[in-house]
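Down below is the structure, laid out as structure tokens.
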Amino acid sequence: LARHLLCPLAVDIRSVSSATVLRVVAIVVGVLVAVRFLWIAHAIFIVTFLGILLGLAVARAADYLERLHIRRAFGAPLVILLGVASMAGLGVAMAPSVKAQTQQLSTDLPRLIDSAKKWLERSPAKALVQPGPLAGTAAPKPAPPEQSKDSGGGGGPQFTGMGSLLFPIATSALGVIGGVVLVIFMAMYVGVQPGLYREGILHLVPHRHRDRAEEVLATLTLTLRQWLVARMIAMVAIGTITGVALSLLHVDGAIALGVLAGLLEFIPFFGPVLSAIPALGVALLDSPQKALYVLILYVLVQQVEGNVITPLLLEKRLDIPPVLTIFTVAALGVVFGVMGMLIAEPLLAVVLVTTKMLYVNDVVGDEVKVAGAE
């Protein structure tokens, strides 16, 4: 029995050529190297993905300008310049109110934290957070304060502490600015010559599969472009509704909280929850009743967003199961932080569209409708 079972396997192994084995090994090693590179340079991958995503929208706007006899070399930079100028103008117009209300929030939130600490110290929950010494053991004596070695009043330790605080902040700020600049320039180049990058990808595909690859790329382009436009509309709508409603409730920092709600709307599911936390804290400083009203407000806004805005703008364009979206956003957030959460939904859309078109339709043979496909 063993001979009959192993003989066909032995024949198959002997029939495999060394070239095939080397090809498989090379593919496996290449995939491992690519995964390792993406893991190390994930920030570059995220910035590139965001640049391409924005570039698709810029390319669409440049198409309209080209119909007005404006060359793409001028149209794409003009679109980006107008976008940056619009955001800057909106920021300048809202800066006084946002600055004043942000300062108010910076005063109110520490008060809320202090109140929470005092409540925690008075409540039985303190034992869970800070357990006391075991029975029969003496409490440890506090260590005497360490004397400064520099008795001459020099600023060495103070300068070191300030430097350790300043340089990480400066490094983070430079990293954010550099990432934004890279995204803008990538979007500009994609908007100027979108066909150059599309043809470069198609050159890697065999001729017999090139028509299908071109169809997949067109569907991905349309899907990502529609997703970006829909998400931007949702951000503006949620930010405006939240800001106006908080103003009607006389919540301190309503405009700043509305802007925060609009920005965090870019992160599905988790962004609205994060935006509600500071609003509830500020309202709680006034009265529990106002905090209850704010909680009801955010629940209603999320119901409108989930049952009206998202179905109208995103459901027909993406057709992504909500559980899969939550899992992807949470997983990328744990691995890559906030930047991973930003690209989770569009990246999931790319994976689903590619899987449906190239595997479910072409390999399995099942007819699955792909959102955005012609």
Side-chain angles (χ1 to χ4, degrees), residues 23 27 30-31 34-35 38 45-67 71-73 75-76 79 183 186-234 268 310-325 327-329 332 342-374:
R23 187 180 302 112
I27 292 174
V31 171
V35 171
L38 290 178
F45 171 76
I46 293 174
V47 169
T48 303
F49 187 83
L50 291 175
I52 294 174
L53 184 63
L54 181 60
L56 295 177
V58 174
R60 185 63 173 174
D63 292 338
Y64 289 112
L65 293 178
E66 197 172 22
R67 297 174 186 174
R71 297 177 56 186
R72 303 188 69 91
V79 170
V183 169
M186 288 182 183
M188 182 179 64
Y189 284 117
V190 172
V192 171
Q193 291 181 311
L196 176 65
Y197 305 99
R198 182 177 61 251
E199 292 174 0
I201 296 175
L202 292 177
H203 282 315
L204 302 176
V205 181
H207 287 277
R208 63 181 182 275
H209 301 303
R210 192 162 293 180
D211 292 338
R212 184 57 170 169
E214 189 170 1
E215 183 180 355
V216 172
L217 287 178
T219 304
L220 288 176
T221 300
L222 181 60
T223 300
L224 291 177
R225 185 179 293 153
Q226 291 178 340
W227 175 87
L228 182 61
V229 173
R231 185 55 70 185
M232 292 295 180
I233 295 175
T310 297
L312 290 177
L313 297 177
L314 291 174
E315 186 174 331
K316 296 181 180 180
R317 293 168 172 82
L318 293 184
D319 193 20
I320 300 177
V323 175
L324 190 57
T325 303
F327 172 79
T328 305
V329 173
L332 292 184
L342 291 179
I343 68 169
E345 193 173 33
L347 186 61
L348 178 61
V350 170
V351 173
L352 285 182
V353 169
T354 306
T355 303
K356 288 180 180 179
M357 297 186 70
L358 297 183
Y359 179 73
V360 178
N361 289 345
D362 296 350
V363 178
V364 179
D366 291 342
E367 291 295 332
V368 179
K369 184 178 179 181
V370 179
E374 297 295 337

Criterion side-chain contact (heavy atoms from CB on, under 4.5 Å) on L56 and L228, from CA distance to verdict: CA-CA 9 Å; L56 295 177; L228 182 61; over 6 Å; no

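- Atom CG of L348 and atom CD1 of I343 lie 11.0 Å apart (nearest 0.5 Å).
- Using a distance-only test at 3.5 Å, with no hydrogens or angles considered, a donor-acceptor pair links the side chain of R212 to the main chain of M357.
- Looking at every heavy atom in both residues, V351 comes nearest to T355 through O-OG1, 2.7 Å.
- Taking each heavy atom of V192 and A73 in turn, the nearest pair found is CG1-CA, 4.2 Å.
- Remark: side-chain polar atoms of R210 are paired, donor with acceptor, to backbone N or O of L202 under 3.5 angstrom.
- Of the inter-residue distances, the one linking D362 atom CG with K356 atom NZ reads 14.0 Å to the nearest 0.5 angstrom.
- Expressed to the nearest 0.5 Å, how far CD of E215 lies from CG of L358 amounts to 9.5 Å.
- The CZ atom of R225 lies 10.5 Å from the CG atom of L53; values are rounded to the nearest 0.5 Å.
- Using modelled atom types, one side-chain atom of R72 and one backbone atom of A59 make a donor-acceptor pair closer than 3.5 Å.
- Within the 4.5 Å cutoff, side-chain heavy atoms of V79 are placed close to those of L65.
- L324 contributes atom CG, which lies 5.5 Å from atom CG of L352 (distance to the nearest 0.5 angstrom).
- Heavy-atom contacts from other residues, nucleotides or ligands closer than 6.0 Å to OH of Y189 number 12 or fewer.
- In terms of heavy atoms, A62 sits closest to A76 at CB-N, 4.3 Å.
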Chi angles and distances behind the side-chain contact (heavy atoms from CB on, under 4.5 Å) call for T328, E345: CA-CA 7 Å; T328 305; E345 193 173 33; over 6 Å; no

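- A heavy-atom distance below 4.5 Å is not found between the side chains of M188 and V58.
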Worked verdict on L224 versus I52 for side-chain contact (heavy atoms from CB on, under 4.5 Å): CA-CA 10 Å; L224 291 177; I52 294 174; 5.7 Å; no

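- Distance CG/L50 to CG/L54: 8.5 Å, rounded to 0.5 Å.
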Stepwise side-chain contact (heavy atoms from CB on, under 4.5 Å) check, T48 with M186: CA-CA 7 Å; T48 303; M186 288 182 183; 3.7 Å; yes

